[in-house]
Undergrad: 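I have a structure I would like to understand better, so I am pasting it below and will then ask my questions one at a time.
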There are 2 protein chains.
Amino acid sequence: MSAVSERRERERAQRHRLIVTAARELAESEGWDAVTTRRLAERVEYSQPVLYSHFAGKEAIVGAVALEGFGELAARLGGARREAPEPGRAALHAVCGAYLDFAEAHPALYQAMFHLPNDLRFASDETPAPMRACFDEFVHCFRPDGRPELFAEVTWSALHGMAVLSDTARVRREEQAERLDLLVARLADAP
Amino acid sequence: MSAVSERRERERAQRHRLIVTAARELAESEGWDAVTTRRLAERVEYSQPVLYSHFAGKEAIVGAVALEGFGELAARLGGARREAPEPGRAALHAVCGAYLDFAEAHPALYQAMFHLPNDLRFASDETPAPMRACFDEFVHCFRPDGRPELFAEVTWSALHGMAVLSDTARVRREEQAERLDLLVARLADAP
DNA sequence: TGGATTGGCTAGCGATGCTAGGAACGATAG
DNA sequence: CTATCGTTCCTAGCATCGCTAGCCAATCCA
């Protein structure tokens, strides 16, 4: 491969990143409704069709943002668990708290990950690594005897429900900490 | 008011119902993406603008379907709880099972209630009665000492998370019963 | 029977996601 | 240095979306 085409590929990768970050910023500042292909193209200072030379469609762009979100979430959860590395109540509380904080701090990102139609596939062999990493953080909060995966699924479900019901004002946000404490108290391995 | 205008008002109310049920049927058979104002108008054999003489917009139509869903869900949860009228584990298991069954049996309806943009407002004074009724069914599964509302919120959150993660294939559906058992075992008042 | 009112329709607006087709650019061979 | 060839990217447009303006006809009251 020539140096020229290497440079071009590098530039292409840069533009790929530019599109993803522009979509994310636009969604975070004005909501996903504002992320139209036209506005996104204007933002990256290219015409509309170049988006389609990088992504199969809008769903793929949302998927790329969502994948970025899963990476950051995995990092946050991992950081929280390193504060309490042993399975048990403290670990679970730290990880669950980090999860809810993330969802509340990055609502647009969270929507891309769970609400919006995107092209990510779950619970299959080709599940992207960052998503598995998120799940594994929950798994490691429970002792390997017992059934850590089952507990992790229930934990994740409950947190997701709390996050989305809180985001859409179906439950009061002020009491989120109490709900978190209750959930952890009931699900965590002792101690 | 004359008999003539009474008849017209009756016919209007009929057409109102017709629109809501047509929207629901279309969503259940082909998904909400297929529910466009044009297809809906064609289905009820009127032109597009008549929809807007009944509803403020598409969100209001979705909201009407969602409200219908909350009514049916409240009935299902109430029926389940009447099988085990005392607060406790049996009541909670029955109600939670009915909730998950409902979400799995009526995915389009469930989407209208929780996923899609609609014009229903929650956690406020004007929360529609069927929605309060759903919540109250969870509350009554817990003893009035303790904190039944808090437990109800966590329960509902967990169920919602399980329903949506299962619907979008983020967790395996086959293990839903195990998750349900675990959730109930951990949250229910003894016995 | 004539004039006002109401109700529904046709037609169209702006915006959406996405695509075809050609223009202009840059790399390479003579 | 020039001519050719690919590639890249833009202009323009399609079908469809939610929604609305404005007219036409049927209906109601005098």
Side-chain angles (χ1 to χ4, degrees), chain A residues 1-20 22-24 26-27 30-66 111-112 115-119, chain B residues 1-20 22-24 26-27 30-66 108 111-112 115-120:
Chain A
M1 174 170 297
S2 76
V4 172
S5 58
E6 270 181 26
R7 187 208 64 211
R8 287 215 229 179
E9 199 154 318
R10 224 165 37 231
E11 288 171 351
R12 246 191 98 75
Q14 262 186 351
R15 198 171 57 179
H16 191 99
R17 290 277 323 141
L18 180 63
I19 293 171
V20 176
R24 174 177 174 172
L26 196 50
E30 304 186 41
W32 279 103
D33 280 350
V35 183
T36 71
T37 56
R38 278 168 236 271
R39 288 202 59 184
L40 186 53
E42 185 189 18
R43 189 115 162 184
V44 299
E45 296 180 305
Y46 282 94
S47 74
Q48 253 183 311
V50 304
L51 303 179
Y52 295 90
S53 75
H54 286 273
F55 299 94
K58 197 185 174 181
E59 288 194 5
I61 299 177
V62 175
V65 175
Q111 280 174 26
H115 268 306
L116 271 52
N118 63 43
D119 65 345
Chain B
M1 176 171 296
S2 77
V4 172
S5 60
E6 271 182 23
R7 187 209 64 213
R8 288 215 226 176
E9 198 153 318
R10 224 164 39 230
E11 288 171 351
R12 245 192 99 74
Q14 263 185 350
R15 198 172 57 181
H16 191 99
R17 291 277 322 141
L18 179 64
I19 293 171
V20 175
R24 175 177 172 173
L26 195 51
E30 303 187 40
W32 279 104
D33 281 350
V35 184
T36 70
T37 57
R38 278 169 237 270
R39 288 202 60 183
L40 186 54
E42 185 189 17
R43 189 114 162 185
V44 299
E45 296 180 304
Y46 282 94
S47 72
Q48 250 184 315
V50 303
L51 303 179
Y52 295 89
S53 76
H54 286 274
F55 299 94
K58 197 186 175 182
E59 290 194 3
I61 298 177
V62 176
V65 175
Q111 280 175 25
H115 272 308
L116 271 52
N118 63 43
D119 64 345
L120 298 182

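So that the names make sense, note that chain A is the first sequence line, chain B the second, and so on, each numbered from 1. As a basis for the values below, the full set of heavy atoms in this structure was taken, side chains included, without hydrogen atoms, waters or symmetry mates.
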Undergrad: Would you kindly give the CZ-to-C1' distance between A/R10 and D/dT8, to the nearest whole Å?
TA: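 My rounded result for the distance is 18 Å.
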Undergrad: Rounding to an integer number of Å, can you tell me how far B/F55 CZ sits from D/dC19 P?
TA: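 Distance, rounded to whole Å: 13 Å.
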Undergrad: Minimum heavy-atom separation for A/S53 and A/V50, please, with both atom names.
TA: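 Minimum heavy-atom contact is OG-O, 2.7 Å.
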Undergrad: To the nearest Å, how far apart are B/L26 CG and D/dC17 P?
TA: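 Nearest whole value for this atom pair: 11 Å.
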Undergrad: Ignoring the backbone of A/R38, work out which of C/dC18, C/dG8, C/dG12 is nearest its side chain.
TA: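 So the nucleotide nearest the side chain must be C/dC18.
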Undergrad: Nearest 0.5 angstrom please: B/R39 CZ to B/D33 CG, how far?
TA: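 Spacing of CZ (B/R39) from CG (B/D33) equals 11.0 Å.
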Undergrad: What integer distance in Å separates B/R39:CZ from D/dA15:P?
TA: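 Nearest whole value for this atom pair: 18 Å.
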Undergrad: Among C/dC18, D/dC19, C/dA20, which nucleotide sits nearest the side chain of A/P49?
TA: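 Among the listed nucleotides, the one closest to the side chain of A/P49 is C/dA20.
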Undergrad: Which residues satisfy the ring-ring contact (aromatic ring centres under 6.0 Å, His included) test with B/F55, sequence neighbours excluded?
TA: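 Per chain and number, B/F55 pairs via ring-ring contact (aromatic ring centres under 6.0 Å, His included) with B/H16.
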Undergrad: Please state how far atom CD in A/E42 lies from atom P in C/dA15, giving the value in whole angstrom units.
TA: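 After rounding, the gap between these two atoms is 13 Å.
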Undergrad: Working note: A/L26 + A/E30, criterion side-chain contact (heavy atoms from CB on, under 4.5 Å); need CA distance, chi angles, decisive distance, verdict.
TA: CA-CA 6 Å; A/L26 196 50; A/E30 304 186 41; 3.8 Å; yes
Undergrad: Looking only at the side chain of A/Y52 (C-beta and beyond, no hydrogens), which of the listed nucleotides C/dT19, D/dT20, C/dC9 gets closest?
TA: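 Nearest nucleotide to the side chain: C/dT19.
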Undergrad: What is the nucleic acid contact for B/T36, judged by heavy atoms within less than 4.0 Å: base, sugar-phosphate only, or nothing?
TA: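 It contacts sugar-phosphate atoms only.
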Undergrad: Would you please test B/Y46 and B/I19 for side-chain contact (heavy atoms from CB on, under 4.5 Å) and show each step?
TA: CA-CA 10 Å; B/Y46 282 94; B/I19 293 171; over 6 Å; no
Undergrad: Whole angstroms only, please: what is the CD-P distance between A/E11 and C/dC25?
TA: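 A/E11 atom CD is separated from C/dC25 atom P by 16 Å.
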Undergrad: Roughly how many Å is it from NZ in B/K58 to P in D/dT20, rounded to a whole number?
TA: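 So the NZ-P distance, B/K58 to D/dT20, works out to 15 Å.
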Undergrad: Respond yes when some side-chain nitrogen or oxygen of B/T37 is under 4.0 Å from OP1 or OP2 of D/dG18, and no when none is.
TA: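 It does, given that an N or O in the side chain of B/T37 lies less than 4.0 Å from OP1 or OP2 of D/dG18.
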Undergrad: For the base of D/dC10, is there a side-chain donor-acceptor partner from A/Q48 under 3.5 Å away?
TA: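 Donor-acceptor pair under 3.5 Å: no.
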Undergrad: Quickly work out the A/H54 NE2 to D/dT8 C1' distance and round it to whole Å.
TA: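 Between C1' of D/dT8 and NE2 of A/H54: 11 Å.
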Undergrad: Tell me whether the OP1 or OP2 atom of C/dG8 has a side-chain N or O from B/R15 closer than 4.0 Å.
TA: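 Yes, B/R15 has a side-chain N/O under 4.0 Å of OP1/OP2 on C/dG8.
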